Amino acid sequence: MSRRRIGFWYRFSAVLVKPPLVVLIKRDWRGMENIPADGGFITVVNHNSHADPFAYGHFQYNTGRVPRFLAKSGLFKSGFVGAAMRGTGQIPVYRESSDALSAYRAAIDAVERGECVAFYPEATLTRDPGLWPMTGKTGAARVALQTRCPVIPVAQWGANHLLAPYAKKPDFFPRKTHHVLAGPPVDLSRFYDKEMTPGLLKEATEVIMAAITAQLELIRGEKAPATRYDPRQVRIEQRRRTREQDEQEAHDEHGRLDEQERTARETAVRDTTEAEHEKGHGK
């Protein structure tokens, strides 16, 4: 997809967004040679800041292959933002509705038209304590196996220093550096011509997440944890601990009631004995 096909809305959005990005963020961008010059493909990107879609979008725009992001459907509804989202060809994601699969179909259509579709496979900001990529959702793998398009793993780091995950205020000073490293295409050929079962999609997704993580290790100059952070397993463990705590508290409360009951019985017996003893002496 050449620059002359980027379109009015993308160019207009770039005019608005690029100048503040250039002022606020220094750039360390590598791996642009791995972005395909033509044909459809997908990029898979880690997500550690609400600011990184803009910073990464700047990188991708400068490659000449503008990305079509999958974004929450609410952003498309009204106002300037909605017009820009529609005009730049972003793909709405309708969660928990009859249109939930439309994003998947739209992504495949875009790739088959020769466009770039950008996936955040984690589907949300990472919750890993060290901001490493978490376990991923299977959407990117599904599109990749359906279309057999190139899958470019992209790691980014630095926008999280400008705006930390879930922070409300950015930290402008000192000026931050946005690091991007695009790696060579992920080899998913061993998954071709196989039934796309949940297990196969999960395995292919882990290969994708491992490729992103490897790029991020190069940027950060350190190794990621051996076990990938899994929000689902963390929630299960939290529920288990809460349940055990509730059961322990109920057990402790039951024990306290039993102790109170025993104490009351012992007191009643002692009072009765003393009363009988005093009565006997009275005679």
Side-chain angles (χ1 to χ4, degrees), residues 10 13-14 16-37 41-71 116-137 140 150-186 205-226 228-229:
Y10 238 122
S13 299
L16 295 179
V17 175
K18 284 179 68 174
L21 289 173
V22 170
V23 171
L24 294 173
I25 305 176
K26 294 182 287 187
R27 293 168 300 285
D28 172 27
W29 292 347
R30 291 173 285 161
M32 283 189 176
E33 68 278 5
N34 290 315
I35 302 297
F41 66 102
I42 67 175
T43 58
V44 284
V45 193
N46 66 307
H47 191 17
N48 54 35
S49 170
H50 285 304
D52 67 41
F54 300 99
Y56 164 69
H58 186 190
F59 164 83
Q60 190 68 46
Y61 183 92
N62 278 27
T63 70
R65 304 300 309 276
V66 295
R68 309 301 182 191
F69 285 98
L70 280 76
C116 166
V117 177
F119 279 88
Y120 283 119
E122 298 162 278
T124 187
L125 289 174
T126 182
R127 292 182 173 86
D128 180 88
L131 302 187
W132 292 99
M134 304 186 295
T135 54
K137 306 295 185 182
V151 179
I152 309 301
V154 182
Q156 58 179 337
W157 185 255
N160 52 296
H161 295 147
L162 175 66
L163 183 64
Y166 305 105
K168 295 182 179 179
K169 294 182 179 180
D171 180 12
F172 294 117
F173 302 103
R175 192 175 175 218
K176 309 304 186 290
T177 299
H178 183 230
H179 305 270
V180 179
L181 179 57
V186 182
T205 298
E206 178 50 33
V207 171
I208 289 171
M209 298 310 299
I212 299 171
T213 303
Q215 302 306 308
L216 188 56
E217 288 178 333
L218 293 174
I219 290 176
R220 295 176 59 172
E222 56 184 312
K223 294 294 291 183
R228 197 175 307 286
Y229 186 92

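What you are looking at is a predicted structure, and each value in this text was computed from that prediction instead of being measured.
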How far does [atom1] of [X] sit from [atom2] of [Y], to the nearest 0.5 angstrom?
{"X": "Asn34", "Y": "Leu181", "atom1": "CG", "atom2": "CG", "answer": "8.0 Å"}
{"X": "Ile25", "Y": "His179", "atom1": "CD1", "atom2": "NE2", "answer": "11.0 Å"}
{"X": "Met32", "Y": "Gln60", "atom1": "CE", "atom2": "CD", "answer": "8.5 Å"}
{"X": "Arg65", "Y": "Ile152", "atom1": "CZ", "atom2": "CD1", "answer": "10.0 Å"}
{"X": "Phe119", "Y": "Ile212", "atom1": "CZ", "atom2": "CD1", "answer": "11.5 Å"}

Determine yes or no for a side-chain-to-main-chain donor-acceptor pair under 3.5 angstrom, with Ser49 supplying the side chain and Leu163 the backbone.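 Yes, the answer is positive, given that a donor and an acceptor are paired below the 3.5 Å cut-off.
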With sequence neighbours left out, what residues match Lys137 under salt bridge (Lys or Arg N to Asp or Glu O under 4.0 Å)?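 With sequence neighbours excluded, Lys137 shows a salt bridge (Lys or Arg N to Asp or Glu O under 4.0 Å) to no residue whatsoever.
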Of all residues at least two apart in sequence or in a different chain, which pass the salt bridge (Lys or Arg N to Asp or Glu O under 4.0 Å) check with Arg30? Asp28
Tell me, please, which residues at least two apart from [X] pass side-chain hydrogen bond (donor to acceptor under 3.5 Å, both in side chains).
{"X": "Lys18", "value": "Asn62"}
{"X": "Tyr10", "value": "Gln90"}
{"X": "Thr43", "value": "Tyr56"}
{"X": "Thr213", "value": "Arg228"}

For Ala155, check side-chain contact (heavy atoms from CB on, under 4.5 Å) against everything at least two apart and list the hits.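 By the side-chain contact (heavy atoms from CB on, under 4.5 Å) rule, Ala155 matches Asn46, Gln215, Leu216, Ile219.
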So, using side-chain contact (heavy atoms from CB on, under 4.5 Å) as the criterion, who are the partners of Pro53 when residues are at least two apart? His47, Tyr120
Pairing residues for Phe59 by the ring pair (Phe, Tyr, Trp, His ring centres under 6.0 Å) criterion, not counting sequence neighbours: Trp29
For the residue pair Arg27 and Leu21, establish whether any side-chain heavy-atom pair is separated by less than 4.5 Å. no
Heavy atoms, side chains only, cut-off 4.5 Å: are Val66 and Arg68 in contact? yes
Do any pairs count as a salt bridge (Lys or Arg N to Asp or Glu O under 4.0 Å) and have a residue in residues 208-221, sequence neighbours left out, and if so which ones? Glu217-Lys223, Arg220-Glu222
Side-chain donor-acceptor contacts of residues 123-132 below 3.5 Å, not counting sequence neighbours, with atom names and distances?
from	atom 1	to	atom 2	distance (Å)
Thr126	OG1	Asp128	N	3.1
Thr126	OG1	Trp132	O	2.7
Asp128	OD2	Gly130	N	2.8
Asp128	OD2	Leu131	N	3.2
Asp128	OD2	Trp132	N	3.2

Listed once per pair and sorted, the side chain to side chain donor-acceptor pair (under 3.5 Å) pairs that draw on residues 156-168, sequence neighbours left out: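 Residue pairs with at least one partner in residues 156-168: Asp52-Gln156, Gln156-His178.
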Considering all heavy atoms of both residues, which atom of Ala159 and which atom of Ala55 are nearest to each other, and what is their separation? CB-CB, 4.5 Å
For Phe54, does the CZ atom sit with more than 12 other heavy atoms under 6.0 Å from it, leaving out its own atoms?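 No.
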